K.L.:
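Okay, here's the structure, questions in a sec.
Hydrogens, waters and symmetry mates play no part in the numbers below; they use all other heavy atoms, side chains included. All values reported here derive from a predicted model rather than from experimental measurement.
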Amino acid sequence: MGIIRFGWLCAYFHKKSGMGMTVQRYRILTLLSCIGMFLVLIAGVLVTNTESGEGCGTDWPLCNGRFVPAYTLPSIVEYSHRAITGIVGLLIGASFIVTWRWKPARNKESLTYAGGALFFTFLQAILGMMAVKWQQSSLVMALHFGISLFAFSCTWLLYSLAKRDTMWDNTDGRTAAGASGMTVKALTVPRTLYRSVVAVLAYCYVVVYLGAYIRHTSSGGGCTGWPLCNGEVVPELGGVTGIAFAHRVAALLLLLLVGLLAWNVRKAAGAKSELTSIASGTLLLVILQVFSGGLLAMTLDNEDVYVFTSLLHTIIIAALFSMLCLLAVRVRQMSRS
């Protein structure tokens with residue numbers, strides 16, 4: 001309710017003050033929402049990596065019964081995560097209200113992204129509260145990151161849409177400049193390409209979930225060294241070693257699938273198309289993700305460095321997943337007859 005009231009308050013203020021919404025202001029609002037949700041992702045990783053999840057005890061929204069938490073690292077990290085999530089929730093609520101109420105921004109696509117961001121932000125906040133109040137299994141806790149990733153991707157897509165001139169020209173995006181600034185001239189791609197992108201996107205989420213599960217179960221140490229696992233191509237597949245090795249194999253398969261997808265997109269859309277540009281960016285990100293995973297494995301024994309390599313890993317996977325979402329959206333739009 002607080003988010004909705006904040007959005008209505010913003011709309012009321014603009015109406016009474018005569019400061020109407022403009023395209024530039026809308027773009028800034030969606031950009032701030034995207035940056036904010038990115039910070040929520042980073043703060044969540046810090047909570048996990050510093051084992052600060054119980055820094056505020058079982059109290060929510062207060063921290064150990066206090067509005068201002070004690071000056072201990074776990075309390076500060078956990079409470080900062082809650083504070084950032086609350087502020088960003090207000091921004092996303094405002095983005096949804098403006099998208100819904102401001103006619104130039106209101107269309108099916110923008111409402112889907114704004115509504116999705118609001119829904120997933122609310123859902124991850126509820127899951128966070130449940131994790132504090134009641135002990136959750138690692139299987140459930142791993143979902144928390146995945147839901148935050150969906151929320152971030154929705155804000156990314158909304159900002160990408162707001163940047164496109166086609167949103168304000170009332171076109172379908174097939175004859176004007178795309179988000180990359182390239183010109184798309186009535187390009188049509190096979191519908192099978194869209195199904196391929198969705199399949200790779202779904203598989204990417206499985207890989208992300210497996211990585212989050214490893215983080216919450218502290219299974220990363222099951223495979224020491226990189227690219228080999230415990231000095232072997234195929235190690236003993238038991239316990240945490242099997243989980244960590246499965247994630248490595250899954251990540252390698254994701255690299256191959258994205259490479260094949262990028263080749264198919266280039267073949268269907270042409271070397272200079274917007275779709276090829278997005279697909280190439282996605283391939284670059286998955287390559288970086290693989291190497292960042294190797295860096296993560298090599299810094300497991302150094303906690304001070306591991307915090308930063310884990311953040312790098314998270315940043316790349318957030319960009320990768322969002323780029324795949326953007327590719328899926330643009331391919332779907334261009335596969336319509």
Side-chain angles (χ1 to χ4, degrees), residues 34 38 41 109 113 146 149-150 152-161 163-164 166 172-211 226-227 246-296 312-337:
C34 185
F38 173 75
L41 276 175
E109 187 176 359
Y113 301 151
L149 194 59
F150 272 118
F152 171 72
S153 296
C154 286
T155 61
W156 174 303
L157 291 172
L158 183 61
Y159 175 61
S160 297
L161 178 63
K163 284 200 309 179
R164 291 207 303 266
T166 55
D172 62 0
R174 293 169 61 177
T175 60
S180 66
M182 295 184 177
T183 300
V184 184
K185 298 181 180 180
L187 177 65
T188 302
V189 296
R191 291 181 181 273
T192 53
L193 185 60
Y194 171 66
R195 290 194 287 269
S196 298
V197 177
V198 171
V200 173
L201 178 62
Y203 178 73
C204 180
Y205 185 81
V206 173
V207 176
V208 170
Y209 177 82
L210 185 56
W226 190 87
H247 181 58
R248 291 193 180 190
V249 173
L252 178 60
L253 181 57
L254 178 62
L255 172 61
L256 297 176
L257 288 175
V258 172
L260 180 61
L261 179 63
W263 182 79
N264 284 330
V265 169
R266 183 185 179 92
K267 182 179 178 181
K272 297 183 179 181
S273 70
E274 179 197 9
L275 293 184
T276 299
S277 177
I278 298 173
S280 298
T282 303
L283 179 58
L284 175 60
L285 285 169
V286 77
I287 292 173
L288 292 175
Q289 182 69 1
V290 169
F291 281 105
S292 72
L295 187 62
L296 198 65
L312 176 64
H313 200 59
T314 300
I315 291 170
I316 297 175
I317 194 60
L320 170 61
F321 189 80
S322 297
M323 284 287 278
L324 274 172
C325 288
L326 179 61
L327 181 62
V329 169
R330 298 299 285 147
V331 168
R332 181 175 184 272
Q333 290 171 341
M334 294 179 187
S335 65
R336 293 171 180 167
S337 57

K.L.:
Test of understanding: with ring-ring contact (aromatic ring centres under 6.0 Å, His included), list the residues that count as partners of Tyr205, not counting sequence neighbours.
P.N.:
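Partners of Tyr205 by the ring-ring contact (aromatic ring centres under 6.0 Å, His included) criterion, ordered by chain and then number, come out as Phe150.
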K.L.:
For Ala250, does its backbone N or O pair with a side-chain atom of Tyr203 as donor and acceptor, under 3.5 Å?
P.N.:
yes
K.L.:
Which value, rounded to the nearest 0.5 Å, describes the distance between Ile317 atom CD1 and Gln289 atom CD?
P.N.:
4.0 Å
K.L.:
Mind checking what makes side chain to side chain contact (heavy atoms under 4.5 Å, CB included) contact with Pro190, not counting sequence neighbours?
P.N.:
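For Pro190 the side chain to side chain contact (heavy atoms under 4.5 Å, CB included) partners, ignoring immediate neighbours, are Thr192, Ala268.
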K.L.:
Specify the closest pair of heavy atoms between Leu296 and His313, including all atoms of both residues, with the distance to one decimal.
P.N.:
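Smallest heavy-atom distance, with atoms named: CD2-CD2, 4.0 Å.
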K.L.:
For residues 318-328, which side-chain donor-acceptor pairs fall under 3.5 Å, sequence neighbours excluded?
P.N.:
from	atom 1	to	atom 2	distance (Å)
Ser322	OG	Ser153	OG	3.1
Ser322	OG	Ala318	O	2.9

K.L.:
I need the Leu201 CG to Ser196 OG distance, nearest 0.5 Å.
P.N.:
12.5 Å
K.L.:
Restricting to non-hydrogen atoms, name the atom on Pro227 and the atom on Arg248 that form the minimum distance, rounded to 0.1 Å.
P.N.:
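Where Pro227 meets Arg248 most closely, the heavy atoms are O-NH1, 3.4 Å.
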K.L.:
Once you round to the nearest 0.5 Å, how far does OG1 of Thr188 lie from CG of Leu193?
P.N.:
12.0 Å
K.L.:
Side-chain contact, heavy-atom cut-off 4.5 Å: Val189 with Tyr194?
P.N.:
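Of all side-chain heavy-atom pairs linking Tyr194 with Val189, none is under 4.5 Å.
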K.L.:
Hey, what do you get for OG (Ser280) to CG (Leu285), rounding to the nearest 0.5 Å?
P.N.:
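Nearest 0.5 Å value for the OG-CG distance: 11.0 Å.
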K.L.:
Quick one: are Val331 and Leu275 in side-chain contact, heavy atoms under 4.5 Å?
P.N.:
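Yes; the side chains approach each other to less than 4.5 Å.
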K.L.:
My understanding is that only residues two or more places apart in sequence, or in another chain, count here; which of them pass side chain to side chain donor-acceptor pair (under 3.5 Å) with Thr276?
P.N.:
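Thr276 satisfies side chain to side chain donor-acceptor pair (under 3.5 Å) with Ser273 once adjacent residues are dropped.
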K.L.:
Counting only pairs under 3.5 Å, give me each side-chain donor-acceptor contact of residues 254-266, with atom names and distances, residues two or more places apart or in other chains.
P.N.:
from	atom 1	to	atom 2	distance (Å)
Asn264	ND2	Leu260	O	3.4

K.L.:
Would you say Thr155's side chain and Phe152's backbone share a donor-acceptor pair under 3.5 angstrom?
P.N.:
yes
K.L.:
Show, in sequence, the C-alpha distance, side-chain angles and deciding distance for Glu109 and Gln333, and conclude whether the side chain to side chain contact (heavy atoms under 4.5 Å, CB included) test is met.
P.N.:
CA-CA 11 Å; Glu109 187 176 359; Gln333 290 171 341; 3.0 Å; yes
K.L.:
Once rounded to the nearest 0.5 Å, what's the spacing between atom CG of Leu252 and atom NE2 of His247?
P.N.:
11.5 Å
K.L.:
Excluding sequence neighbours, so at least two apart, what forms side chain to side chain contact (heavy atoms under 4.5 Å, CB included) with Ile315?
P.N.:
Phe38, Ile42
K.L.:
What closest approach, in Å, do Tyr113 and Val329 show between heavy atoms, and which atom pair accounts for it?
P.N.:
OH-CG1, 3.0 Å
K.L.:
With a 4.5 Å heavy-atom cut-off, do Arg164 and Leu161 have their side chains touching?
P.N.:
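Yes. Closest side-chain heavy atoms under 4.5 Å.
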